[in-house]
Amino acid sequence: MKYSRQEIINKCEKAFMNIPLLYQEDFINYRGKTNDTDEYYTEVISEYIIERINEFIEGIPMISRKQGYNVNHDGSYTEGTGRNEEITAIKMFNQCRQGSEYNYIGKIIDYQIPLKASRSDKAGKIDLLSFDGKLARILELKKPDSDETMLRCVLEGFTYLCIVDKSLSIKDFELPADTIVKASPFVFVDGVQWQEWKENRPYLTRLMELLDSKAFFIGIEEDRYYVV
């Protein structure tokens, strides 16, 4: 089904009534272009958010999690469970536990970090958290065959950045008190998001700049991961 520019804007207006769950809306993952103005759907959405950037940022409240964030993950997993994204995260974490660090993002220090303070909270988990000595990154990981848009990755990662209690997370993971925390899409080379990122999508690019959301891409060589 094809949508007009105004139909996409109408969906944005409705979704802005619950900004913390905007990234979960189906239309955030729409591919293709509008049937009247020939614009990528994600460009129309990105433009809409840019025009309301303060409302977007201020519309995502922090969730105060008294239990803390470090739940002492041990890197264990079971193959064949179908939880491919989570297993990828654990494998990348384990690679760092073996002494490796990744270019650009440093060492991955944890995975699947809970954000909820209570069962009723509408929040997921941080896929990966990395630290390079100065900067911690909330990494929004997508598996190699994910068909989610780059826009979805950007919005989800930034939402988690707003939700997390940064000072508490820094303390829990024993990071320097002056650590800066940012959020980044973390997706695979040659995946759908990689292809979108290489295309001319100025509004998406501008939105990423405004949210200080820099993308990093994962490659695999001889069964080991690397980052570009």
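In this text, all values refer to a predicted model and were calculated from it rather than measured experimentally.
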So, the side chain of [X] versus the backbone of [Y]: is there a donor-acceptor pair under 3.5 Å, distance only?
X      : Y      : result
Glu140 : Asp127 : no
Ser146 : Lys143 : no
Asp121 : Ser118 : yes
Asn29  : Asp147 : no
Lys142 : Met150 : no
Glu43  : Tyr203 : yes
Thr149 : Ile28  : yes

Inset, instruction - Test side-chain contact (heavy atoms from CB on, under 4.5 Å) on Leu175 and Val181 and set out the steps. - result: CA-CA 11 Å; Leu175 303 179; Val181 185; over 6 Å; no
What are the two closest non-hydrogen atoms of [X] and [Y], and how far apart are they?
X      : Y      : value
Glu101 : Lys107 : CG-CB, 4.0 Å
Leu22  : Ala15  : CD1-CB, 3.5 Å
Pro20  : Ile60  : CG-CA, 4.2 Å
Ser4   : Asn35  : CA-OD1, 3.2 Å
Tyr160 : Gly124 : OH-CA, 3.5 Å
Lys214 : Pro185 : O-CD, 3.7 Å

In the hydrophobic clustering (ILVMFWY, side-chain contacts below 4.5 Å, transitive), which residues join [X], or is it alone?
X      : value
Leu135 : Ile180
Val192 : none
Phe188 : Tyr77, Ile87, Ile90, Met92, Phe93, Tyr102, Tyr104, Ile105, Ile108, Tyr111, Leu128, Leu139, Leu141, Phe186, Phe216, Ile218, Ile220, Tyr225, Val227

Legend entry - Qualifying residues under side chain to side chain donor-acceptor pair (under 3.5 Å), relative to Ser76, sequence neighbours excluded: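 With sequence neighbours excluded, Ser76 shows a side chain to side chain donor-acceptor pair (under 3.5 Å) to Asp74, given in chain and number order.
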Quick one: do [X] and [Y] end up in the same hydrophobic cluster if we chain Ile, Leu, Val, Met, Phe, Trp and Tyr together by side-chain heavy atoms under 4.5 Å apart?
X      : Y      : result
Val164 : Leu211 : yes
Ile53  : Val154 : yes
Leu168 : Ile138 : yes
Leu21  : Ile45  : no
Ile19  : Val44  : yes

Legend entry - Lys91 bridged to Glu79 by N-O distance under 4.0 Å: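 Looking at Glu79 together with Lys91, the answer is yes, because their closest N to O distance falls below 4.0 Å.
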Legend entry - Salt bridge flag under 4.0 Å for residues Lys14 and Glu25: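 Looking at Lys14 and Glu25, the cut-off is not met.
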Rounded distance (nearest 0.5 Å) linking atom [atom1] of [X] with atom [atom2] of [Y]:
X      : Y      : atom1 : atom2 : result
Arg5   : Ile8   : CZ    : CD1   : 10.5 Å
Leu115 : Cys162 : CG    : SG    : 11.5 Å
Ser213 : Leu161 : OG    : CG    : 9.0 Å
Ser100 : Arg224 : OG    : CZ    : 4.0 Å
Asn10  : Tyr48  : CG    : OH    : 9.0 Å
Gln6   : Thr34  : CD    : OG1   : 11.5 Å

Any residue meeting salt bridge (charged side-chain N to carboxylate O under 4.0 Å, His left out) with [X], in chain and number order, not counting sequence neighbours:
X      : result
Glu199 : Arg201
Glu85  : none
Lys182 : Asp212
Arg83  : Glu86

Inset, instruction - Tell me, please, which residues at least two apart from Glu209 pass side-chain contact (heavy atoms from CB on, under 4.5 Å). - result: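 Scan of Glu209 (side-chain contact (heavy atoms from CB on, under 4.5 Å), adjacent residues dropped) gives Thr205, Arg206.
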Inset, instruction - Quick one: which residue pairs count as a ring pair (Phe, Tyr, Trp, His ring centres under 6.0 Å) with a foot in residues 127-151, not counting sequence neighbours? - result: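 Checked against ring pair (Phe, Tyr, Trp, His ring centres under 6.0 Å) - neighbours excluded - no pair reaches residues 127-151.
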Legend entry - Ile49 and Leu155: CA distance, side-chain angles, deciding distance, side-chain contact (heavy atoms from CB on, under 4.5 Å) verdict: CA-CA 10 Å; Ile49 297 172; Leu155 296 181; 3.9 Å; yes
Legend entry - Listed partners of Phe217 passing ring pair (Phe, Tyr, Trp, His ring centres under 6.0 Å), at least two apart: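 Here the qualifying residues are Trp194, Trp197.
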Legend entry - Residues that Tyr3 engages under ring pair (Phe, Tyr, Trp, His ring centres under 6.0 Å), provided they are two or more places apart: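 Ring pair (Phe, Tyr, Trp, His ring centres under 6.0 Å) check on Tyr3 returns Tyr30.
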Tell me whether [X] at atom [atom1] has more than 12 heavy atoms from other residues, nucleotides or ligands lying less than 6.0 Å away.
X      : atom1 : answer
Glu174 : CD    : no
Lys2   : NZ    : yes
Asn103 : CG    : yes

Inset, instruction - List the steps and the verdict of side-chain contact (heavy atoms from CB on, under 4.5 Å) for Glu196 and Arg31. - result: CA-CA 10 Å; Glu196 288 181 348; Arg31 318 205 82 81; 2.3 Å; yes
With the side chain counted from C-beta on, respond yes when [X] and [Y] share a heavy-atom pair under 4.5 Å apart, and no when they do not.
X      : Y      : answer
Leu151 : Leu207 : yes
Thr42  : Arg152 : no
Pro176 : Thr179 : yes

Legend entry - Residue of the set Ile170, Asp165, Leu129, Asp110 for which side chain to side chain contact (heavy atoms under 4.5 Å, CB included) holds with Tyr69: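 Of Ile170, Asp165, Leu129, Asp110, side chain to side chain contact (heavy atoms under 4.5 Å, CB included) with Tyr69 is met by Asp165 alone.
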Inset, instruction - Tell me yes or no: between the side chains of Ser184 and Arg137, is some donor less than 3.5 Å from an acceptor? - result: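 Arg137 and Ser184 do have a side-chain donor-acceptor pair below 3.5 Å.
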Legend entry - Side-chain donor-acceptor pair present, Gln98, Asn94, cut-off under 3.5 Å: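 Distance-only check fails for Gln98 and Asn94.
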